[in-house]
Participant: 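Can you read through this structure? Questions will come right after.
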Amino acid sequence: MYKKFKEHLEKELTDIKEAGLYKNERIIESPQGPEIEVANNNGEVLNFCANNYLGLADDSRLIEAAKKAMDTRGYGMASVRFICGTQDLHKELEKAISDYFKTEDTILYAACFDANGGLFEPLFTEEDAIISDSLNHASIIDGVRLCKAKRFRYKNADMEDLERCLKESKDCRFRIIATDGVFSMDGNVAPMDKICELAEKYDALVMVDESHSAGVVGATGHGVAEKFDCYGKIDIFTGTLGKAFGGAMGGFTTGRKEIIDMLRQRSRPYLFSNSVTPSIVGASIEMMNILKESNELHDRLVENVKYFKDKMTEAGFDIKPTESAICAVMLYDAKLSQDFAAEMQKEGVYVTGFYYPVVPKGEARIRVQLCAAHTKEQLDKAIAAFIKVGKKLGVIK
Ligand SMILES: *Cc1c(COP(=O)(O)O)cnc(C)c1O
C-alpha cells in the first residue's frame, strides 16, 4: 500500500520545494544565544532570529537552578498532573506566574500550543461565540476549531471590525474576544485598552496570548496589561516559557480563579499529557526571581531595540513601526527577501526572510528579533551587514 502513498507525498513535497516553501533545519552546535556555532560554517554567526528576548536561554543561573531541581526532584514525572505528577515546584511556579501577571490562579501546560488548544472547548459551547483577530497564532486557531462555539473573525487590530463582530454575535450566550498580545510578523501590539472598552460595552470576555509580549512589552516588561493599564479587565492570559521566559519549553494559562479551576477539570492537554519536567519548573521559578529582583534585562532589550531601529532608519531602511522586540525590515519583494537573507548569512548574520503566504502579498520582509544579550558591537556588526547587503541589492543608496 505504501507505494501509492509515497508517490503522493513525493509529489506534494516537490510542490512545496517548487513554491520555495520547503523548510530546512540549520544545525547549531552550541547553546542558544546571540552568537552561535553552526555546523559546516567557519566561525560563529550572530543570531537575530531567536525568540530569546531577554537572553536567558543560556543563563548560568537558570542552568544551575535546572540542575538543582533535577538533583532534588528527579528527571521526569511520568504522570499527568492530577494522578501523581504535581510537585511542590509546580505549585510554586504557578503562584509565581500569577504574581507576575497579577492574576488569581495559573495552570501549567507542556507548551503554549497546548494552553491555547485546551482553552476554549472546556469553557464554551454552541450557544457561545469566539471573536478572533485574523492574525492570531495557529494554536489559537486550532483551539477555536476544537470548540463548538460560533466563530467570528476581525481584521488585525481593527476596532471597527471587532465592533461589527460584537454586534453580529449579540444573541450568543457568552462571547470572548481572543487576540495575540504582539503579532509576530509586524511586531505590533494589540490595542488592549480599546479591546477592553469594547468588551465592557458589549459584555464580552477577553483573552490575550502573551507569548511574544510577556517580558517585552510594558514599562517593566510585564506584558499588555501593564502597557495599557488594563489589570482586572483581561479574563484570561496564555503564554509560553519558550520565548522571553528562558526559552526552554512549557506554557500556561493564567487568569480568573473559576476559569482556571474549570480548566483543571476539563482541559484535555492538561488531563491527558505529561506534567512539565522538574528541571524546567525549577529553572522557571529562578527566572521569575531574576525578573522580580531587577529590570536590567528588560531595560537592555528596550535599549537594543531603539538602537537598532534608529540606526537602520538612519541608513534608509523602511522599518514597520514596532512596539516589541520584533523589527520588520520591509523589502516588499518575495525573491529579494530570500536573496537578502542568504547574503546576510554570508556576512555571518542569521535573519529570516518572510513572504506570501506567511505575510500578505507584496509585503515581503526580513524579520529581525532583538535580544537583551546582544552587545553594541554585535548590533553594529549586524547593522553594517544590513547596509552592505542593502547597497549591493539596491535596497538603499
Ligand atoms: C510561540 C507561540 C505559541 C506557542 O508556544 P509554545 O510554548 O512554543 O507552544 C503560542 N502562541 C503564540 C502567540 C506564539 O507566538
Side-chain angles (χ1 to χ4, degrees), residues 31-33 50-70 73 75-77 80-81 85-101 103 105-119 137-140 143 180-182 184 208-217 221-224 236-255 260 263 267 269-270 273-292 297-298 301 324-325 369 371-373:
Q32 183 64 281
N51 301 314
N52 182 25
Y53 298 125
L54 295 176
L56 288 168
D58 63 347
D59 191 284
S60 58
R61 294 166 292 184
L62 299 196
I63 296 167
E64 269 316 300
K67 285 180 182 166
K68 185 164 163 240
M70 254 203 280
R73 298 293 186 285
Y75 170 65
M77 289 312 299
V80 299
R81 284 288 296 276
T86 302
Q87 288 174 328
D88 51 350
L89 295 185
H90 293 93
K91 300 312 285 183
E92 203 183 315
L93 176 59
E94 287 175 342
K95 171 79 171 57
I97 293 172
S98 305
D99 290 347
Y100 186 90
F101 288 97
T103 47
D105 200 3
T106 298
I107 176 174
L108 290 174
Y109 288 88
C112 186
F113 207 106
D114 288 328
N116 288 331
L119 176 63
H137 190 262
S139 55
I140 298 180
D180 279 11
V182 161
S184 65
V208 61
D209 180 337
E210 291 263 36
S211 290
H212 284 286
S213 45
V216 176
V217 161
H222 280 63
V224 292
I236 302 169
F237 300 83
T238 61
T240 181
L241 300 172
K243 289 183 175 126
F245 285 167
M249 55 192 310
F252 55 85
T253 301
T254 188
I260 303 304
L263 294 175
S267 181
Y270 170 86
S273 186
N274 208 27
S275 196
V276 182
T277 203
S279 55
I280 291 179
V281 179
S284 299
I285 292 168
E286 176 64 13
M287 174 274 300
M288 282 294 173
N289 286 333
I290 291 170
L291 298 190
K292 204 174 356 184
L297 293 176
H298 177 254
L301 175 65
S324 63
Q369 290 175 284
C371 167

Participant: Walk me through it: do D88 and R73 pass the test side-chain contact (heavy atoms from CB on, under 4.5 Å)?
Facilitator: CA-CA 10 Å; D88 51 350; R73 298 293 186 285; 2.7 Å; yes

Participant: Identify the two heavy atoms, one from G246 and one from L56, that lie closest to each other, and give their separation to 0.1 Å.
Facilitator: CA-CB, 3.9 Å

Participant: Once rounded to the nearest 0.5 Å, what's the spacing between atom CE of M287 and atom CG of L93?
Facilitator: 6.5 Å

Participant: For S211 and T240, does a side-chain donor sit closer than 3.5 Å to a side-chain acceptor?
Facilitator: no

Participant: On a heavy-atom basis, which atom in G239 and which in C112 lie closest, and how many Å separate them?
Facilitator: O-CB, 3.3 Å

Participant: Taking side chain as C-beta onward, heavy atoms only, is F101 less than 4.5 Å from H222?
Facilitator: no

Participant: To the nearest 0.5 Å, how far apart are OG in S324 and OH in Y53?
Facilitator: 6.5 Å

Participant: To the nearest 0.5 Å, what is the distance between CG (N274) and OH (Y109)?
Facilitator: 15.0 Å

Participant: How far does OG1 of T238 sit from CG of D114, to the nearest 0.5 angstrom?
Facilitator: 11.5 Å

Participant: For G118 and P269, work out which heavy atoms get closest and say how close.
Facilitator: CA-CD, 3.5 Å

Participant: Nearest 0.5 Å, what's the OG1-CD1 distance between T103 and I236?
Facilitator: 11.5 Å

Participant: So, do L263 and Y270 sit near enough that their side-chain heavy atoms are less than 4.5 Å apart?
Facilitator: no

Participant: Please give me the minimum heavy-atom distance between D58 and P31, naming the atom from each residue.
Facilitator: CB-CB, 4.0 Å

Participant: From the options L241, I280, V276, T277, select the one residue that forms a side chain to side chain contact (heavy atoms under 4.5 Å, CB included) with M249.
Facilitator: I280

Participant: The test is side-chain contact (heavy atoms from CB on, under 4.5 Å); show your working for L291 and L54 and say whether it passes.
Facilitator: CA-CA 10 Å; L291 298 190; L54 295 176; 3.9 Å; yes

Participant: Please determine if K91 and E94 form a salt bridge, counting it only when a charged side-chain N lies under 4.0 Å from a carboxylate O.
Facilitator: yes

Participant: Test of understanding: with side-chain contact (heavy atoms from CB on, under 4.5 Å), list the residues that count as partners of M77, not counting sequence neighbours.
Facilitator: Q87, H90, S275, P278

Participant: Taking the side chain as everything from C-beta on, heavy atoms only, tell me whether E210 gets closer than 4.5 Å to V217.
Facilitator: no

Participant: For L297 versus I290, what's the shortest heavy-atom pair and its separation?
Facilitator: CD1-CG2, 4.3 Å

Participant: Rounded to the nearest 0.5 Å, what's the gap from NE2 on H212 to CG on N51? Could you check?
Facilitator: 5.0 Å

Participant: How close do A69 and L89 get, counting heavy atoms only, and between which atoms?
Facilitator: CB-CD1, 4.1 Å

Participant: Establish, yes or no, whether a centroid distance under 6.0 Å links the rings of F237 and Y100.
Facilitator: no

Participant: Is there a donor-acceptor pair under 3.5 Å between the side chain of T86 and the backbone N or O of R81?
Facilitator: yes

Participant: Please assess D209 against N116 for the test side-chain contact (heavy atoms from CB on, under 4.5 Å), listing each intermediate value before the final yes or no.
Facilitator: CA-CA 8 Å; D209 180 337; N116 288 331; 2.9 Å; yes

